[in-house]
Amino acid sequence: MQVASLTAEVKRRRTFAIISHPDAGKTTLTEKLLLFSGAIQIAGSVKARKASRHATSDWMEIEKQRGISVASSVMQMLYRDHVINLLDTPGHKDFSEDTYRVLTAVDSALMVIDAANGVEAQTRRLIEVCRTRDTPIITFVNKMDREVRDPLDILDEVERELGMPCVPMTWPVGQGKSFGGIIDLRTQSMKVFESGSERRPQDFETVPLTELARLKERFGNEFTTALESMELATGASPAFDREAFLSGQQTPVFFGSGVNNFGVMEVLDALVDLAPAPQARQSTVIAQGQTQLQTIEPDQTQFSGVVFKVQANMDPSHRDRIAFVRVASGRYAPGMKLKVQRTSKELRPTSVVTFLSQRREAVEEAYAGDIIGFTTHGGVQLGDTITDGASLQFTGLPFFAPELFMTVILKNPLRTKQLQTGLAQLGEEGAIQVFRPDAGGLMLLGAIGQLQFEVVQHRLKAEYDCDVRLEGCPYTGARWITADTPQELKEFLYAYPSRMASDAANALAYLCTSPYDVRLAQERFPKIHFHPLREHAGLALQNAH
């Protein structure tokens, strides 16, 4: 395919994640974006858990029971001749690792803030992730139809937490019962608010700001106050600078009410107008026996992509596993010969799909920025680079050292094989970290948060028919290890046989019972390196044994 047409396709793409604290209205906003782009015909309500209709983006059984998102979902939609790939992330703090990996697959983020609560704890953690990657952030302040904080106060807090200036793009007139609508600074008009979840964007009345007298008469003091605070906000903020936004140095801010379909269209337009097209990605290339860094441009003709998520049993009746691949360069077409770089093995997926949550469609073609799903039966892991032949390895998909550990006890020993299959698949998927002690004994589960254990216990029962009990164990941390020489590694393994375990990628880890363990082991073995992130340990881990 010619580079010119590849470049044109890349420019049409937008790939972003929605991030927020639980209950800020993220899943509702996701639904509305899908609704207004024409991707779905009816929006489900997260709160109507007992009804048969659930939020389109929450497909896992435990999510329907609890009304929360614990798995990241992927949705693709077409709007204004742009292909928009939307990744809905788990809002729950216990799933920050899954969210982190999803954020490595996007080019921008949409941050949803509850106007009553401002920036909350989980949002802070996600902001940190975006900041480390300089991911451009668009901010949507939700729930303006409720009794909320002053918009200037919210902007001030967002600026403090993000460490970057806010640039208002819309501004609220009133709040709660007296919420009159939003002033759109881009179009110099006011969109008038009306309550109701059935309204479409075109149903809202728009009044140009040139009709100032009419607006003041209609909305009275609320409109005058809004104008004054808007002037204060815009006076204190820099003008919108696209370069500053793209480098993560300022955030455009929108106000609205997702549940009432209000202020959402402005966000959708901003994603097309402001958010970046797919960006170049860093990879390592082995040339003449040397590892070198190389920049892979999205419109390069060679196909490449990275697996940022593996999900088992999306369709319980088929027991399938799907590897979610972010296309980094080139064009994917059905029937292409693909290779998993880690193993140099050919990848022969039984089907390749794009997503609308659970609904899947066969891929006719995909370009940089698109998310495609390869149905596999093993052989693909998180972080794998897939190409049409080029020897390169994308970097930047981290695994965090677990902070909580439990041992797995099977209630029915006859289900051992099913348990091993279940743990292997859930470990490769990244739902939990599974450690196999080198000295033998019970399997260990490692997690960032307690809810991960509950989800895995639930999934082992529902998807693999394994009833397990989880019990505490003495370990409080783990560090992946590498050594300067094979001899050093051998001596270390001999010194700490009961502390060594292998994870789902067969990478070697040292298990700790206190914060001092690593320090003492490091003093004793200065040529052993302890890694809190598995990515840092690099490819040497694959050969640790």
Side-chain angles (χ1 to χ4, degrees), residues 12-20 23-47 53-59 69 72-91 99 102-103 105-115 126 135-145 169-170 182 184 186 191 196-204 251-277 354-359 361 369-371:
R12 289 178 63 216
R13 262 75 189 163
R14 300 288 183 273
T15 306
F16 74 99
I18 297 195
I19 60 173
S20 81
D23 299 327
K26 174 172 61 70
T27 305
T28 302
L29 185 64
T30 303
E31 296 261 317
K32 303 302 177 161
L33 292 171
L34 290 169
L35 190 65
F36 297 159
S37 68
I40 58 173
Q41 303 308 312
I42 189 164
S45 167
V46 191
K47 294 201 171 63
R53 200 176 14 150
H54 296 283
T56 304
S57 58
D58 288 346
W59 55 266
S69 298
S72 310
S73 353
V74 177
M75 286 143 279
Q76 190 178 69
M77 50 192 170
L78 195 65
Y79 176 67
R80 282 176 44 194
D81 198 39
H82 282 71
V83 179
I84 297 176
N85 295 289
L86 182 162
L87 283 74
D88 177 21
T89 61
T99 305
V102 165
L103 288 170
V106 299
D107 303 294
S108 58
L110 173 59
M111 177 169 71
V112 185
I113 288 176
D114 183 325
L126 297 173
T135 305
I137 299 172
I138 293 173
T139 302
F140 180 69
V141 182
N142 196 18
K143 305 187 182 181
M144 289 307 300
D145 57 317
M169 292 289 181
T170 64
I182 51 172
D184 189 330
R186 294 171 81 200
K191 189 169 276 189
S197 60
E198 303 305 314
R199 293 188 175 279
R200 295 295 169 122
Q202 59 270 25
D203 298 339
F204 295 110
T251 177
V253 181
F254 297 82
F255 291 83
S257 166
V259 75
N260 289 294
N261 303 350
F262 190 76
V264 176
M265 208 65 181
E266 288 74 7
V267 173
L268 197 51
D269 282 324
L271 284 163
V272 169
D273 297 336
L274 309 179
T354 55
F355 301 93
L356 182 75
S357 194
Q358 262 184 311
R359 206 167 77 228
E361 291 172 7
D370 287 342
I371 310 294

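In what follows, residues are counted from 1 in the order of the sequence shown.
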Notebook entry, point to check: Hey, mind stepping through Asp81 and Arg12 against side chain to side chain contact (heavy atoms under 4.5 Å, CB included) and telling me if it holds?
Noted result: CA-CA 7 Å; Asp81 198 39; Arg12 289 178 63 216; 3.5 Å; yes
Side chains of [X] and [Y]: closer than 4.5 Å at any heavy-atom pair?
X: Leu29; Y: Leu110; value: yes
X: Ile138; Y: Phe254; value: yes
X: Arg14; Y: Tyr79; value: no
X: Met77; Y: Leu86; value: yes
X: Arg13; Y: Asn85; value: yes
X: Asn142; Y: Ile113; value: no
X: Leu271; Y: Glu266; value: no
X: Ile84; Y: Met75; value: no

Item checked: Contacts of Asp145 that satisfy salt bridge (charged side-chain N to carboxylate O under 4.0 Å, His left out) - sequence neighbours left out -> none
Item checked: Partners meeting salt bridge (charged side-chain N to carboxylate O under 4.0 Å, His left out) with Arg186 (sequence neighbours left out) -> Asp273
Check: Quick one: which of Thr30, Ile19, Leu33 gives a side-chain contact (heavy atoms from CB on, under 4.5 Å) with Asp88?
Finding: Thr30
If every non-hydrogen atom of [X] is compared with every non-hydrogen atom of [Y], which pair is closest and at what distance?
X: Thr15; Y: Asp370; value: OG1-N, 4.5 Å
X: Leu35; Y: Arg200; value: CD1-NH2, 3.8 Å
X: Ala17; Y: Val106; value: N-CG1, 3.7 Å
X: Ala115; Y: Met144; value: CB-SD, 3.6 Å
X: Phe204; Y: Lys191; value: CB-CG, 3.7 Å
X: Leu87; Y: Val102; value: CD2-CG1, 3.5 Å

Next item on the list: To the nearest 0.5 angstrom, please state how far the CZ atom of Phe255 sits from the CG atom of Asp184.
Entry: 12.5 Å
Note to self: Testing Thr27, Asn261, Asn260 one by one against Lys32 for a side-chain hydrogen bond (donor to acceptor under 3.5 Å, both in side chains), which residue passes?
What the structure shows: Asn261
